[in-house]
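Start at 1 with the first residue, then count along the sequence.
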Amino acid sequence: VGVKRFGPELERRTKCARQFERMFEGAFALATADKTDDPSRKRLGISSLLIDGAARGVGCATFACLTSPATISLVEQQHQEGEWNVLALTVNPEERDINLIVDAERAMLAELHHALRDVASNDYDGGDNSPGVSPSLRVHCKVMETLAGNCEQLGLTPIAVIQSNDDNNDDDSNLTEEEPIWFRCDL
């Protein structure tokens, strides 16, 4: 994948090139695992899909939009939890029009969110989710780094990560907020 060698888009496009490579690596590993006698076990061992401390290969699927500009995403589907996690989202690297790229990203996220709602409504008695389960589409922070659109344009909200600086203290004075690992999609 070629990377533009100058301009304000250089850093994001460099990350896009790396994500495109990770997307290919993950999709190829999933296809190879699916050809084995025990695909679930093989999917668990895909190193490129060990994300945020969890093996995410078992529930992964690839979604694509082939209209111009073509867009592809790798999504972990956790049906029991009513949650889908976008692990990669790539727009055709040859596309240079930033507005078209943002539109393609938004369209892919909207379609994924719509598909998740359809699956959730079919899983739980005619549209009513089971108690406590609300369909949720999340985008990983590594994906967020490569998107041309910002949170507002793409309907993304950071999910706060709170950590304690002192494991022995129960008050809130030692809590700190870190950079979010996931972003919730509200399209």
Side-chain angles (χ1 to χ4, degrees), residues 12 15-16 18-20 22-23 25-27 29-30 33-34 39-40 43-65 70-91 101-164 172 175-187:
R12 187 190 69 79
K15 289 178 181 178
C16 286
R18 299 297 79 77
Q19 178 160 264
F20 185 80
R22 285 192 307 272
M23 175 74 195
E25 181 183 328
L30 288 169
D34 288 347
S40 293
R43 281 175 164 244
L44 277 173
I46 298 173
S47 61
S48 63
L49 297 177
L50 294 173
I51 298 171
D52 191 24
R56 301 190 180 272
V58 173
C60 274
T62 303
F63 291 85
C65 175
T71 309
I72 190 166
S73 62
L74 191 60
V75 180
E76 175 193 27
Q77 301 169 304
Q78 297 179 339
H79 294 296
Q80 300 295 9
E81 293 82 11
E83 186 171 87
W84 286 10
N85 298 316
V86 178
L87 307 176
L89 192 156
T90 303
V91 176
I101 295 170
V102 172
D103 289 345
E105 293 168 349
R106 183 175 172 82
M108 176 61 83
L109 291 172
E111 285 300 317
L112 289 171
H113 201 252
H114 181 73
L116 170 60
R117 285 193 313 262
D118 284 350
V119 167
S121 67
N122 291 332
D123 284 348
Y124 307 114
D125 300 329
D128 294 331
N129 288 330
S130 67
V133 176
S134 176
S136 174
L137 179 66
R138 301 186 320 165
V139 176
H140 192 260
C141 62
K142 293 291 184 188
V143 176
M144 193 62 207
E145 291 176 351
T146 66
L147 297 177
N150 61 35
C151 285
E152 184 178 331
Q153 291 170 313
L154 301 175
L156 299 172
T157 306
I159 299 172
V161 177
I162 307 293
Q163 290 204 329
S164 173
D172 290 342
L175 296 180
T176 60
E177 190 169 329
E178 293 185 353
E179 291 294 317
I181 297 171
W182 295 99
F183 292 77
R184 185 181 70 244
C185 182
D186 298 313
L187 291 177

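In plain terms, the two heavy atoms of G26 and S48 that are nearest each other are CA-OG, 3.7 Å. In terms of heavy-atom proximity, L116 sits nearest to P135 at CG-CB, 3.8 Å. Of all heavy-atom pairs spanning C60 and L30, the tightest one is CB-CD1, 3.7 Å. Nearest heavy-atom pair, A61 versus Q77, reported as atom, atom and distance to 0.1 Å: CB-OE1, 3.5 Å. Closest approach of Q19 and T146 over heavy atoms only: NE2-OG1, 2.9 Å. Contact record, C185 with L109: SG-CB, 4.0 Å, taken as the closest heavy-atom pair.
Inter-residue side-chain proximity for L49 and L74 is flagged as met; some heavy-atom pair is nearer than 4.5 Å. At a threshold of 4.5 Å between non-hydrogen side-chain atoms, the residues L154 and F183 do not count as touching. Using a 4.5 Å heavy-atom cutoff, the side chains of D34 and R43 are in contact. Under the 4.5 Å side-chain criterion, counting only non-hydrogen atoms from C-beta, L137 is not in contact with L187.
Considering CD of Q153 and CZ of R106, their distance stands at 9.0 Å, rounded to 0.5 Å. Remark: T62 OG1 to L87 CG distance equals 10.0 Å, nearest 0.5 Å. With rounding to the nearest 0.5 angstrom, the OG1 atom of T157 is 13.5 Å from the CZ atom of R138. Distance check, rounded to the nearest 0.5 Å: CE of M108 to CD1 of I72 gives 7.5 Å. Taken from CG in N85 to OG in S136, the straight-line distance is 7.5 Å, to the nearest 0.5 Å. Rounded to the nearest 0.5 angstrom, T71 OG1 and L112 CG are separated by 10.5 Å.
Not a single donor-acceptor pair under 3.5 Å links the side chain of E105 to the backbone N or O of V91.
Qualifying ring-ring contact (aromatic ring centres under 6.0 Å, His included) partners for H140, counting only residues two or more places apart in sequence or in other chains: W182.
The list of salt bridge (Lys or Arg N to Asp or Glu O under 4.0 Å) pairs with a residue in residues 50-65, not counting sequence neighbours, reads D52-R56, R56-E76.
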